[in-house]
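Hydrogens, waters and symmetry mates play no part in the numbers below; they use all other heavy atoms, side chains included.
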Amino acid sequence: MTEQEVTFLNAKPVWLSGKQQEINCTAIFKAVVDYHGGEALLRVTGYTNYKIFVNGKFVAFGPARAGHGFYRVDELQLSPYVKQGENVLAIEVCGYNVNSYAYPNQPSFLQAEVIFNGAVVAYTDIENSAFSAQRSPYKYIKTQRYSFQRPFLEAYHLDPTYNTYFTDTVTTDSQPLELCEDKYTIARNIPYYDFPISIPEKIKSGRFSVLPLDTPYQHDMWGVLPDAKMFDGFYEEELEVHPYKLAEFTKTTHLEEATDTAVLSENNFSIYRFVCEQTGFVGWKLTAHTDAVINITFDEILLDGDVSHKRMNCCNVLYFELKKGTYAFESAEVYSMKFCKVSVYSGEVTVNELFLRQHLNTSIDRASFVSSNEKLNRIYKAAEQTFKQNAVDIYMDCPCRERAGWLCDSFFTARVERDLTGNSIIERNFIQNFLFPESFRYIPEGMIPCCYPSDHGDGTNIPNWAFWFVLQLKEYLARTRDESTIAIAKERVYDLFRYVSKFENDDGLMEDMPGWIFIEWSRANDFVDGVSYPSNMLYSAALRTAGELYNDPQLICKADSIKQAILEQSYNGTFFEDNRIRKDGKLIATGNMSECCQYYAFFLKIATPETHAELFRKLVEEFGPNRDDSATYPTVFKANAFIGNFLRLEMLSMYRYSAKILDEIVEFFDYMALSTGTLWEFVDTTASCNHGFSSHVIHSLLRDVLGIKSVDDVEKTVTCQATGIDIGHVECTVPLGKGQLKVLVEGDKYQYSLPEGYTLISVV
C-alpha cells in the first residue's frame, strides 16, 4: 500500500559517514540561515527521532511514526522562532539501530530543507549543503537499555561549552556525511501540539550512602545483554558508565521533609512531585559549583516513601558527569513520572529549576465534563490525562516502559479520540502503519503484528490479537466512512484468515496456535493450551466482522460454525470454560474457568441474556469490583483491569445497566485517579500506572452515564437518551460532527442546547 508521497525540493537523506547502522549514535545537524521576513518553513524527516531547535529554543519533536520503509514528514512553520538576520537551526537526531517495541530497527538518517518565501536556503546533501553535522560530543554511546521494550538510557558528560552548542554559528569538528538510500516519505497528517512546561514541588530531602561498585548484584534482563539474540545492545563489559549499578547500590540513610535550600552536596538528594503523573522531556537549570556527578531517578509512585529506579523493569535513570559551570539541559527522549529524585554522588550543585516539557496531545478541546460529583470529575480528568499522554502520533499502551502501538488497546483508545477531538486522524495513521509494509519481520507470512510499528527480534507475537485489528476496522469505518482504507485492508485481512486456517481442527476451532496466546493479565493467561475458547470467540467475531465489511457470506457462515462449536464445548451449563486440551486424540475438558472468559462470551455475542440468562444474572449481580473471589465462585478466577474489567463494562453497556456502570466506574478507577491522576494497566501498581486503553472511561461516561450518542456528520441529527441516574449537576460538551451538543443535567431532568443545523430526534 502507498500514500501520496511528500517530496523534497533539494534535500537528500544523509548521515555521518559509515555510521548509518551504528548502535545508539546521536548526531547534531546545524545550519546557519539568514532571514529577512516572509514565510519560513522547515521540511524534515529522519530516523530514529529528533528534536528541533532554532536559536537554542525548542521547536518540535518528531517524526510521527510509520511502518517499515515509510517516513512521515514534518512541515514546520519557523516564523515564530526566527529573527531578522542570522539564525541557527539545530536538529538533534538519535539513531538507535536496535529492536524495540517503540520503533522498528532501521538505519539512521536525516533529510531536511529550510525554505524562505518559496526558495530553499539550506538542505541536507553531501555537496553544497548548508548543514554541518557531528556526533554529539556530550553523550555516552555504550549505555544499557532503558527497558526491554525501549532503546537506551541517557548518560552525559557535560562541560560549559554545552550551553552554547545549539546556538554557535560556527561548528567545530564537523564530520563527513554520506548519502543514504532514497526514502519513501509520506505526510504526517496529525496536528502539531503545544509542549507546556510543568514545574514540580520539592517534597522531601535526605542523605544516602553508596556500596562499593564491585559489590556482586543480580542484573536484570533489560540492564545489560544476557542474550544477543533476544534484543540488541551492549554487554556489561562494554558499558562506558554504570548509572543503573550506581542507583542500585544507593541506600537512603535519612529522609525528611524538604529543606528550603536548593544546594545539594555529596551524598544528598531531593525528591520532587508533579501534580499528577506527566510525560515529557526532563529538563533542568543547574549550577555545578565544582565538578559533580548526579543521577536523576523517577517513577509514577513512591515505594516506602522513596523513588524506585527499577519498578516495571525500567531503568528510570538519567546520568550526568558535570564540569564546574552553569547548565540548562533537556533529555533527548520522553519519560513519565509523578515523582523524581536528584541525587548528588560527588561535588556540589544548586538546582535552580527542574521541569518537564510535556509531550502530549493538546488537541482535545471538543469535549469537557464538569459534575458536582467530585469522584466522577477526578476519574474523567485522570482518563483525559491518560489519553493525552498516550495518543500523540499513534495509540500507545503506556508512555513510559514501552511507548508501543498495541492492537486491542487501540480498539478502545480510538473511541476516545473521536469523543475528545471530533476526528479519527491518529486512528487513520495507526491503521495505515499496519497496511503500508509489504511484510513484517520476525512473524509468519500472513500474520498481523500485535504491536506496531516495532521489531521484536525474539519473534514474540500474540496471534489472537490480530483479530482486534479486524474488529477495529468496522468501528473505524462507522466513525469515518473511509471506505478506501477498508478496501486496501482487505488483502491483509484475508491473508490473516488464510494463515490462521492452517491451525484449525476438525471442529473449525484454532488449536495449538503458535505464538504467545494472550487473554488478559490474570489466571486466564494460564488457560490457553490446546483450544483457547476466548481466542476462538475473537476469531468468530473477526470472521463475522470481515464478512459484513466485505459482503462475504462464507465468512459469516464460518463464524456461525465456530460459535456453535464454542457453545457446545466451552459452556458447561454454569460457566464458559477457558480451554480444552487433546489427549489420546480427543479434546478433554480442563475445568479451567476465568471471569474474563465470561465477558469475552457476552462482549463478542457468543452468549446473550436471552440464551444464557442465569449466567448473565450471576455476572451482573454477583461479580464485579467488590467480589470476594475467595468466597464467591472461587474457581472462577478474578479479572484484571486489562481487559476483563473493561469487557465487563462493555457487557453492561450493551444491555443498558447505566446505574451499575456508574457505580463500578467509581469502584474500579477512583483510587487510581487519587493516586497518580492517571488510570492503570492492572488493578494494582505492579505495572504501568498510565495506560492508554483505560482512557476509555471517558467513552463510558459519555455513552453510558449521560446516555449521549453522536451520529453521522451528514445527517446532523442528535439522539439523546436520558438515563434517569441522579448524578448531580453535570455540564458536558460532546463533539457531534462539526458542531457541539451542550447538555446540562440536573438529576434526571435534561436540558438540551443544540448547535445550529442540528435537530433533536428523540429523548428516551
Side-chain angles (χ1 to χ4, degrees), residues 2-17 19-20 27-64 66 69-95 106-134 165-172 174-192:
T2 60
E3 181 171 279
Q4 183 178 0
E5 187 173 3
V6 175
T7 58
F8 285 79
L9 298 177
N10 293 71
K12 303 294 183 183
V14 299
W15 194 249
L16 300 175
S17 183
K19 301 186 185 303
Q20 290 184 53
I28 300 177
F29 292 77
K30 291 169 66 173
V32 180
V33 292
D34 284 324
Y35 176 74
H36 300 289
E39 183 187 40
L41 177 74
L42 171 64
R43 183 177 292 125
V44 58
T45 189
Y47 209 73
T48 306
N49 61 41
Y50 48 71
K51 292 179 75 175
I52 299 167
F53 303 86
V54 173
N55 300 321
K57 184 175 182 179
F58 172 84
V59 174
F61 175 73
F70 294 83
Y71 303 91
R72 298 193 184 274
V73 177
D74 286 310
E75 294 188 326
L76 297 158
Q77 295 296 327
L78 297 182
S79 301
Y81 305 98
V82 292
K83 64 182 190 304
Q84 291 289 322
E86 200 170 61
N87 293 268
V88 179
L89 169 67
I91 306 176
E92 181 183 30
V93 190
C94 296
Q106 299 181 121
S108 308
F109 78 95
L110 180 73
Q111 187 170 6
E113 58 191 20
V114 181
I115 304 169
F116 289 166
N117 299 313
V120 178
V121 298
Y123 58 91
T124 53
D125 202 345
I126 58 172
E127 296 179 358
N128 304 316
S129 173
F131 279 90
S132 61
Q134 68 177 123
Y165 191 76
F166 293 103
T167 56
D168 283 342
T169 58
V170 177
T171 300
T172 58
S174 181
Q175 297 170 9
L177 298 173
E178 65 184 13
L179 283 177
C180 306
E181 65 178 18
D182 290 341
K183 309 298 180 180
Y184 198 96
T185 50
I186 59 176
R188 171 187 169 92
N189 297 326
I190 59 176
Y192 291 99

Query - Steps toward side chain to side chain contact (heavy atoms under 4.5 Å, CB included) verdict (Glu113, Thr124) - result: CA-CA 7 Å; Glu113 58 191 20; Thr124 53; over 6 Å; no
Report task. Dump the intermediate steps for side chain to side chain contact (heavy atoms under 4.5 Å, CB included) on Leu110 and Ile91, then the final yes or no. Result -> CA-CA 9 Å; Leu110 180 73; Ile91 306 176; 4.1 Å; yes
Requested in this report: Would you check, one step at a time, whether the test salt bridge (charged side-chain N to carboxylate O under 4.0 Å, His left out) holds for Asp125 with Lys12?
Outcome: CA-CA 5 Å; Asp125 202 345; Lys12 303 294 183 183; over 6 Å; no
Requested in this report: Kindly determine whether Val33 and Phe116 satisfy side chain to side chain contact (heavy atoms under 4.5 Å, CB included), including the steps that lead there.
Outcome: CA-CA 10 Å; Val33 292; Phe116 289 166; 3.9 Å; yes
**Report entry** Working for side chain to side chain contact (heavy atoms under 4.5 Å, CB included), residues Val54 and Leu78
**Finding:** CA-CA 8 Å; Val54 173; Leu78 297 182; 4.2 Å; yes
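Note that CZ of Phe58 is 5.5 Å distant from NZ of Lys51, once rounded to the nearest 0.5 Å. For the atom pair Ile28 CD1 and Ser132 OG, the distance stands at 10.5 Å (nearest 0.5 Å). Here CG of Leu16 is found 6.0 Å from CG of Leu177. Values are rounded to the nearest 0.5 Å. Atom OG of Ser108 sits about 11.0 Å away from atom NZ of Lys19, to the nearest 0.5 Å. Interatomic distance, Trp15 CH2 to Gln111 CD, rounded to the nearest 0.5 Å: 13.5 Å. The CZ atom of Arg43 sits 4.5 Å away from the CD atom of Glu75 when rounded to the nearest 0.5 Å.
Between the side chain of Asn117 and the backbone N or O of Glu39, at least one donor-acceptor pair lies under 3.5 Å.
Considering only heavy atoms from C-beta on, Ile52 comes within 4.5 Å of Val44 through its side chain. The shortest distance between side-chain heavy atoms of Tyr123 and Asn128 falls below 4.5 Å. Residues Asp74 and Tyr50 are in side-chain contact: their nearest non-hydrogen atoms beyond the backbone lie under 4.5 Å apart. Contact of the Leu76 side chain with the Tyr192 side chain is registered, since non-hydrogen atoms from C-beta on lie closer than 4.5 Å. By the 4.5 Å heavy-atom criterion applied to side chains, Gln77 and Leu41 are counted as neighbours. Side-chain contact between Tyr35 and Gln84 is present, with at least one heavy-atom pair separated by less than 4.5 Å. Counting heavy atoms from C-beta on, the side chains of Glu5 and Ile186 never come closer than 4.5 Å. Between Leu42 and Leu89, the closest side-chain pair of non-hydrogen atoms falls below 4.5 Å.
Smallest separation of non-hydrogen atoms from Thr48 and Val93: N-CG1, 4.5 Å. Looking at every heavy atom in both residues, Arg72 comes nearest to Ala64 through CB-O, 3.4 Å. Nearest heavy atom pair, residue Ala31 against residue Ala122, reads CB-CB, 4.3 Å.
Partner of Asn87 under the side chain to side chain donor-acceptor pair (under 3.5 Å) criterion, chosen from Asn55, Asp34, Thr169: Asn55.
Contacts classified as salt bridge (Lys or Arg N to Asp or Glu O under 4.0 Å) and involving residues 174-187 (residues at least two apart or in different chains) are not found.
Not a single ring-ring contact (aromatic ring centres under 6.0 Å, His included) links Phe8 to another residue, sequence neighbours left out.
For Tyr47 and Tyr71, the distance between ring centers is under 6.0 angstrom.
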